[in-house]
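So the structure is just underneath, and the comments pick up after that.
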Amino acid sequence: MSDIERPRYIPVLLLDRQRRLVKTVAFGERTYVGDPFNVIRLFNEKEVDELCILDIDAGRDGYEIDHGFVAELAGECFMPLAYGGGLRDVRQCAPLVRNGVEKFVLGAGTTNPALIGALAGVYGSSSVVACVDYRGGHAFVDGGQRDTGLSPLALAKAAVAAGAGEVIIQSIERDGARTGMDLAMIGTVAAELPVPVIALGGAGEVAHLAEAIDAGAAAAASGSTFSFIGRLRAVLVTYPEDLTDKTGGAP
Amino acid sequence: MIRIVDYGVGNIASLVNMFGHLGFDAVPTDDAAAIARADHLVLPGVGAFDHAMRQLAARDLVAPLHDAAARGAHMLGVCLGMQLLGRSSEEGKLPGLGLIDAVTVRLPAIGRDGKKLSVPNIGWHMLEKPRMSPLLDNATRPERFYFVHSYHMICAEPNDVAGTILRGGDQVTVAVSRDTLHGVQFHPEKSHRHGMSLLEAFARL
């Protein structure tokens with residue numbers, strides 16, 4: 001990845017059913033982080049590499065994507081935007097694209113090769129991100145509730161074979177732990193897949209994200225790193241400085 | 001007024017948003033007459049090459065785009081829209097618009113040093129500028145842009161190349177300019193102030 005001059009650091013924003021931003025621990029306990037529009041505006045000012053917004057209740061509750069709301073969110077984004085949560089049909093994506101979402105993040109849909117293939121056929125593989133959540137060596141869907149019986153690598157490979165252009169590999173156990181990422185798993189998956197791998201889960205500081213990049217990830221994503229500061233997890237939206245602002249620009 | 005060619009393929013809202021933020025009117029249209037008459041045309045696009053060409057053809061927009069180019073309209077192809085300006089693509093069988101003498105090929109999966117390269121190429125790259133060009137001149141500091149692509153353009157005429165990135169030891173053409181025709185492989189509408197500066201330069205042409 002050395003030619004990509006700056007590793008991609010991706011804040012992940014979790015929306016709940018009340019359209020609030022929250023941060024979870026091990027896919028459970030939730031902490032309120034803020035109003036999505038305020039937080040997106042802050043990340044915009046900080047010129048983040050990319051944003052990933054996931055509605056973590058849409059899949060399980062089964063409600064429809066509110067395209068008006070997504071359009072408002074995307075309208076604030078002058079950076080790449082990935083959106084996930086409740087995607088089950090290729091027809092949901094035309095309005096998402098029109099409103100400025102360029103990547104679709106599939107959760108339960110990761111186990112649906114027909115859906116992945118249909119999305120890749122219309123929007124291209126690079127628009128389809130498979131999010132593989134795992135714990136104890138197994139990939140889980142539906143917010144960590146349902147065991148697919150597959151290893152994370154097997155599910156990721158199947159998703160890529162079906163047409164996914166990017167894979168998020170997320171440790172459920174490390175979610176919100178802020179102690180570091182699962183470098184062994186990240187390294188294994190990144191070495192085996194032909195597509196970019198995004199590490200997620202466990203980071204609490206930028207150094208953790210850098211470790212994941214060193215382990216082979218093309219990008220490192222985090223909720224906690226960019227939302228919390230200090231041992232007591234005070235909410236503070238932060239992001240590393242833009243390298244192009246430094247004298248001479250290139251790192 | 002800037003016309004954004006709206007043919008069902010691409011991130012129209014992001015372009016409209018950014019032009020609006022910069023204080024320019026950018027209006028999506030699939031109206032052949034409006035496109036043929038436009039001063040400033042943006043051709044967006046994501047997805048498959050043939051799908052996009054079929055969508056243009058289905059709306060009878062191929063001839064109007066040629067008319068606009070022949071009249072000297074300022075045209076900016078973005079991402080797949082850049083590739084459509086060329087003659088053909090390895091990704092598909094249909095001819096492109098043929099406005100720029102270039103072909104599009106798949107990104108290599110192995111670098112010159114033998115190392116694996118991810119395809120699609122997703123992420124930020126610093127742009128290298130082999131020559132002066134109208135959209136990229138005005139930036140004094142290094143510019144980074146956001147890329148999402150599996151294919152890239154190869155120009156028959158080296159002077160058409162306005163920007164490159166280094167990937168796996170190879171220079172990859174990611175920006176072209178020929179007279180009033182421009183194309184960028186990256187997404188200026190998703191590249192913060194770097195993209196704003198480019199789109200503003202285009203709007204002021």
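Below, chains carry the letters A, B, ... as their sequence lines are ordered, and counting in each starts from 1.
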Of all of Gly111(B), Gly8(B), Ala13(B), which one pairs up most often with chain A through heavy atoms under 4.5 Å apart? Ala13(B)

Which one, Val46(B), Leu15(B), Val119(B), leads in non-hydrogen pairs under 4.5 Å with chain A? Val119(B)

Answer yes or no: does atom [atom1] of [X] have more than 12 heavy-atom neighbours from other residues, nucleotides or ligands under 6.0 Å?
{"X": "Ile110(B)", "atom1": "CD1", "result": "no"}
{"X": "Arg112(B)", "atom1": "CZ", "result": "no"}
{"X": "Arg98(A)", "atom1": "CZ", "result": "no"}

Going by salt bridge (charged side-chain N to carboxylate O under 4.0 Å, His left out), name the residues that satisfy it together with Glu45(A), two or more places apart in sequence or in a different chain. none

Just how far is it from atom CE of Met79(A) to atom CH2 of Trp124(B), taken to the nearest 0.5 Å? 8.5 Å

Would you mind reporting whether [Y] and [X] have side-chain heavy atoms less than 4.5 Å apart?
{"X": "His192(B)", "Y": "Lys46(A)", "result": "no"}
{"X": "Phe78(A)", "Y": "Glu189(B)", "result": "no"}
{"X": "Val195(A)", "Y": "Ser118(B)", "result": "no"}
{"X": "Asn17(B)", "Y": "Glu76(A)", "result": "no"}
{"X": "Glu166(A)", "Y": "Ile122(B)", "result": "yes"}
{"X": "Phe147(B)", "Y": "Ser126(A)", "result": "no"}

For [X], is it the side chain, the backbone, both, or neither that has a heavy atom closer than 4.5 Å to a heavy atom of chain B?
{"X": "Ala71(A)", "result": "neither"}
{"X": "Ala219(A)", "result": "neither"}
{"X": "Leu96(A)", "result": "neither"}
{"X": "Pro194(A)", "result": "backbone"}

Does Lys190(B) reach the main-chain N or O of Asp49(A) with its side chain, forming a donor-acceptor pair under 3.5 Å? no

Option in Ala94(A), Gly165(A), Ala191(A), Gly124(A) with maximal non-hydrogen atom pairs under 4.5 Å from chain B: Gly165(A)

Part of His51(B) lying under 4.5 Å from any heavy atom of chain A: side chain

What is the minimum heavy-atom distance between Gly100(A) and Ser14(B), and which atoms define it? CA-OG, 3.3 Å

